[in-house]
Amino acid sequence: VFATATFDETRFDFEITSAVAAGGLVVEGGTVNVTGLDEHDQFLDLDLRITGPFRDAMEFVDHAPLGLARAVGLDAARTRGSAATQLNMRFIVEKDLTFDRVDIRVQSQLTDIGLASALLGRDISAGRFTLSADKRGMDINGLATLEDIPVTLTWRENFTATAPFR
């Protein structure tokens, strides 16, 4: 990790210039701020730009407690391509933190995306997508090739039980 840190009695701020993350993922910059050091509750705000192989990103979000790739029917091992992601998280720092208490937003640019046997046994290739996600759901939009046919894909996945569709 390459970063600088500043602190006082109320906060601890990290300015990250680069870091190696899980698998082949790289943090290319961002901030981590811990606030409320002078109060009963402390909060962590995370704002990171992460790049790397799409497969590694899918494997990362498939770990507990997220389990996102499997939840939407994706097998990370069947994917390829690259991802450039802006990750924003905010949560209270506490021992028994649960995912429902984490505010999370993800914005990704996905390039050269491939997925083997994605639809009716056919492969998706040459995908260029934008991905937006939060705790409520995920939207993926873009262009790709399904076998040899150019396609425009739009996918909405709801994560809440009260949504009108999954």
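Position 1 is the first residue of the sequence; numbering continues from there.
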Inset, instruction - Would you check if Glu39 and Leu37 make a side-chain contact, meaning some heavy-atom pair closer than 4.5 Å? - result: no
Legend entry - Separation of Arg11 CZ from Asp38 CG (nearest 0.5 Å): 10.5 Å
Inset, instruction - Classify the side-chain pair Thr4/Glu15 by whether it contains a donor and acceptor separated by less than 3.5 Å. - result: no
Just list the side-chain donor-acceptor pairs under 3.5 Å for residues 76-90, sequence neighbours left out, or say none.
{"unit_1": "Arg78", "atom_1": "NH1", "unit_2": "Ala116", "atom_2": "O", "d": "2.7"}
{"unit_1": "Arg78", "atom_1": "NH1", "unit_2": "Ser117", "atom_2": "O", "d": "3.2"}
{"unit_1": "Thr79", "atom_1": "OG1", "unit_2": "Ala76", "atom_2": "O", "d": "2.7"}
{"unit_1": "Thr85", "atom_1": "OG1", "unit_2": "Ser108", "atom_2": "OG", "d": "2.6"}
{"unit_1": "Gln86", "atom_1": "NE2", "unit_2": "Asp47", "atom_2": "OD1", "d": "2.5"}
{"unit_1": "Gln86", "atom_1": "NE2", "unit_2": "Leu48", "atom_2": "O", "d": "3.4"}
{"unit_1": "Asn88", "atom_1": "ND2", "unit_2": "Asp47", "atom_2": "OD1", "d": "2.8"}
{"unit_1": "Arg90", "atom_1": "NH1", "unit_2": "Asp45", "atom_2": "OD1", "d": "3.0"}
{"unit_1": "Arg90", "atom_1": "NH1", "unit_2": "Asp45", "atom_2": "OD2", "d": "2.7"}

Inset, instruction - Let me see the working for Asp139 and Asn141 under side-chain contact (heavy atoms from CB on, under 4.5 Å), right down to the final yes or no. - result: CA-CA 7 Å; Asp139 293 293; Asn141 297 289; 4.3 Å; yes
Inset, instruction - Is it possible for you to say whether Leu110 and Val26 belong to one hydrophobic cluster, with membership spreading through side-chain heavy-atom contacts below 4.5 Å? - result: no
Inset, instruction - Report yes or no: do Asp8 and Thr10 form a side-chain donor-acceptor pair below 3.5 Å? - result: yes
Inset, instruction - Rounded to the nearest 0.5 Å, what's the gap from CG on Leu119 to CD1 on Ile124? Could you check? - result: 6.5 Å
Legend entry - From CZ (Phe12) to CD (Gln42), nearest 0.5 Å: 13.0 Å
Legend entry - Reported CZ-to-CE distance for the pair Phe159 and Met138, which is rounded to 0.5 angstrom: 5.0 Å
Inset, instruction - Could you check if a side-chain atom of Gln109 sits within less than 4.5 angstrom of a side-chain atom of Thr130, using non-hydrogen atoms only? - result: yes
Legend entry - Pairs touching residues 105-136 that satisfy ring-ring contact (aromatic ring centres under 6.0 Å, His included), sequence neighbours left out: none
Legend entry - Under-4.0 Å salt bridge between Arg122 and Glu147: no
Inset, instruction - Indicate, with yes or no, if Leu97 and Leu46 share a hydrophobic cluster defined by side-chain heavy-atom contacts under 4.5 Å among Ile, Leu, Val, Met, Phe, Trp and Tyr. - result: yes
Legend entry - Minimal non-hydrogen separation, Gly127 against Ala144, with atom names: CA-CB, 3.7 Å
Inset, instruction - Quick one: pull up CG in Leu153 and CG in Leu146 and give me the separation to the nearest 0.5 Å. - result: 7.5 Å
Inset, instruction - Determine yes or no for a side-chain-to-main-chain donor-acceptor pair under 3.5 angstrom, with Asp56 supplying the side chain and Gly24 the backbone. - result: yes
Legend entry - Test item: Phe91 and Asp103 side chains (from C-beta on) under 4.5 Å apart, heavy atoms: no
Inset, instruction - Compare every heavy atom of Val93 with every heavy atom of Phe43, then report the nearest pair and how far apart it is. - result: C-CG2, 4.1 Å
Legend entry - Atom pair CD1/OG1 of Ile16 and Thr31 - distance to nearest 0.5 Å: 7.5 Å
Legend entry - Greater than 12 external heavy atoms within 6.0 Å of Asp148's CG: no
Inset, instruction - Could you pull out all residues at least two apart from Asp112 that satisfy side-chain hydrogen bond (donor to acceptor under 3.5 Å, both in side chains)? - result: none
Inset, instruction - Treat each ILVMFWY residue as a node, draw an edge where side-chain heavy atoms are under 4.5 Å apart, and state whether Val32 and Val1 are in one component. - result: no
